[in-house]
Amino acid sequence: MIHEWLIAPFADFGFMRRALVGVVALSLGAGPVGVFLMLRRMSLAGDAMAHAILPGAAVGYLVAGLSLPWMTVGGLVAGIAVALLSGAVARATVLKEDASIAAFYLLSLSAGVTLVSLKGSNVDLLHVLFGSVLALDDPTLHLMAGTAVASMIALALLYRPLVMECVDPGYLRSVSGSGTVVHLAFLALVVVNLVAGFHALGTLLAVGLMMLPAIAARFWTENIGGMIGWATGFGLLSGLGGILLSFHAGLPTGPTIILCAGGVYLVSILFGARNGLLLRALPRRHLQA
Amino acid sequence: MNGTASSIRFEDVTLGYDRHPAVHHLTGTIAPGSLTAVVGPNGAGKSTLLKGIAGALAPLDGRIETSARVAWLPQAADVDRSFPISVYDLVAMGLWRRHGLFGGFGRKDRTAIADAIAAVGLTGFEDRAIGTLSGGQMQRALFARLLLQDASIILLDEPLTAIDAKTASDLLAIVRRWHAEERTVVAVLHDLDLVRSTFPETLLIAREAVAWGATLDVLTAENLLKARRMAEAQDPHAVACARAA
């Protein structure tokens, strides 16, 4: 029974194994980045940047069809351009960064969908928007795994100034000029992970494995290292659960993975060991001191 | 932790926002190792002055020269109190200059951090999340971080506002210790009795320097009245300042 449910699908089907490798890579790379996005109150900025990838990927698609390198490079360029432009607009005008990101991502999303429809069928559009986690080929897996490794290394290097920039940006500015560099490097990390995720989950859902596990992790621990661990674990759990569930129930895989992550989030709200609602509702007497 | 004393020199400095001066034509020197209070009404340019010394705001005109490293505690330090970080880690940030991006903390550093935390009376709070601290405890933690920064020039912007008497006297003891170590300390304060009792030098400012020197000579009734009368509001129709730069 357990074998049939949990092991057989992977033993019997290569595409299932590939999908599993893909979501493992995504969880390892994007989960920790998501924790910092959440702690910096940039959860929605991650979402917006995921949409911003679309027109770049679409231009790549127009040039070369569903081609991995073209769509990857296009997505990277568009994502980083939107991140930089919205940051620049926020600094140069009265707009706050969230407002300028919102403006750019709406532009990007509509431009991207228009570009894809210029040439492609609705099937291709769906592929770009929602990904195809069950159709990951070797080069795509290499890209995703490479991104995960590079992202983890980069985050380890950035960790200290990034934490300082989150807690007390004024202090970091007063002792070091690295604040801007750190911020930009972090945005680049977000974009790179989203581009890797977009091949599996599409531009609309790529951010799901980044944010949902990270947000759920907030309910389980009060320290950053712990949160990164929980978020990665939740990502792996949702990925595995989503792939299996979609296999057995015949559901679309990408959305099922994100639904599983959403389930983890809802469970965490209720049962979280740190700030869960149920814990708060428990009738416990206050302490002496 | 012996600071090498260092001065702050102002050469006809004008600091401001959007061309409107907040500090207007300030010239003078804060002597090495001195303990100076900056007083004046709200909107007099006190915080702007510290920002200028710290290098966070470039002067519209003139020059500010600091001959050593500056540590600055802003009025409302923009610490994100909801960020899940412990008191220990917040204080340890004071060692940033020594360790930068990657340097590990050795036993000596851990001792220094523990000493700083003890000096501000927060021993036992090391593992507490900063979000659980009271306003006074937070200020103590920020002072501990200042201690570790080990700077020769220390700028404090209303460090004792909304702080109870016990905490204030503990923090003042640290200020005196810095003074004894011949560091240059500049503090923005509103409590004139405290300034008279603790700070030998005072700069009374109301956009322009009203008086500057020994505290008792500066804080006269006449000077204070003069400071209060100086216009607070920006004049939207102000023309370019013609005073020689």
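No hydrogens, no waters, no symmetry mates; every other heavy atom, side chains included, goes into these values.
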Pick one of side chain, backbone, both or neither for B:Ser82, based on which atoms fall under 4.5 Å of a heavy atom in chain A.
-> both
Sub-3.5 Å donor-acceptor pair from the side chain of B:Arg97 to the main-chain atoms of A:Val175, do we have one?
-> yes
B:Gln149, B:His99, B:Arg69: which one forms the most heavy-atom pairs within less than 4.5 Å of chain A?
-> B:Gln149
Decide yes or no on side-chain contact (heavy atoms from CB on, under 4.5 Å) for A:Ile224 and B:Phe83, but give the supporting numbers first.
-> CA-CA 9 Å; A:Ile224 311 167; B:Phe83 198 90; 3.2 Å; yes
Do B:Trp96 and A:Ser174 come close enough that some side-chain heavy atom pair is under 4.5 Å?
-> no
Distance-only, no hydrogens or angles: does the A:Tyr171 side chain make a donor-acceptor pair with backbone N or O of B:Met93 under 3.5 Å?
-> yes
A:Glu165 CD to B:Asp80 CG distance, which is reported to the nearest 0.5 Å | 11.5 Å
Identify which of A:Arg218, A:Arg41, A:Arg173 forms the greatest number of heavy-atom pairs closer than 4.5 Å to chain B.
-> A:Arg41
Counting only heavy atoms not in A:Ile269, do more than 12 sit closer than 6.0 Å to its CD1 atom?
-> yes
For B:Pro84 and A:Leu39, the nearest pair of non-hydrogen atoms, with its separation, is CD-CD2, 3.5 Å
Could you tell me which portion of B:Ile130 (side chain, backbone, both or neither) has an atom closer than 4.5 angstrom to a non-hydrogen atom of chain A?
-> side chain
If you count heavy-atom pairs under 4.5 Å with chain B, which of A:Pro169, A:Ala156, A:Gly226 comes out on top?
-> A:Pro169
Per-residue contact mode, A:Ser178 against chain B (heavy atom under 4.5 angstrom) = side chain
Residues A:Val167, B:Arg81; criterion side-chain contact (heavy atoms from CB on, under 4.5 Å); working and verdict = CA-CA 7 Å; A:Val167 180; B:Arg81 299 277 296 270; over 6 Å; no
Hey, could you give me the CZ/CG distance between A:Arg160 and B:Asp89, rounded to the nearest 0.5 Å?
-> 10.0 Å
Should the heavy atoms of other residues, nucleotides or ligands under 6.0 Å from OH of A:Tyr265 be counted, would the total exceed 12?
-> no
Select one option (side chain, backbone, both, neither) describing which atoms of B:Arg145 are under 4.5 Å from chain A's heavy atoms.
-> side chain
To the nearest 0.5 angstrom, please state how far the CD atom of A:Glu222 sits from the OG1 atom of B:Thr132.
-> 9.0 Å
Part of A:Leu172 lying under 4.5 Å from any heavy atom of chain B | side chain
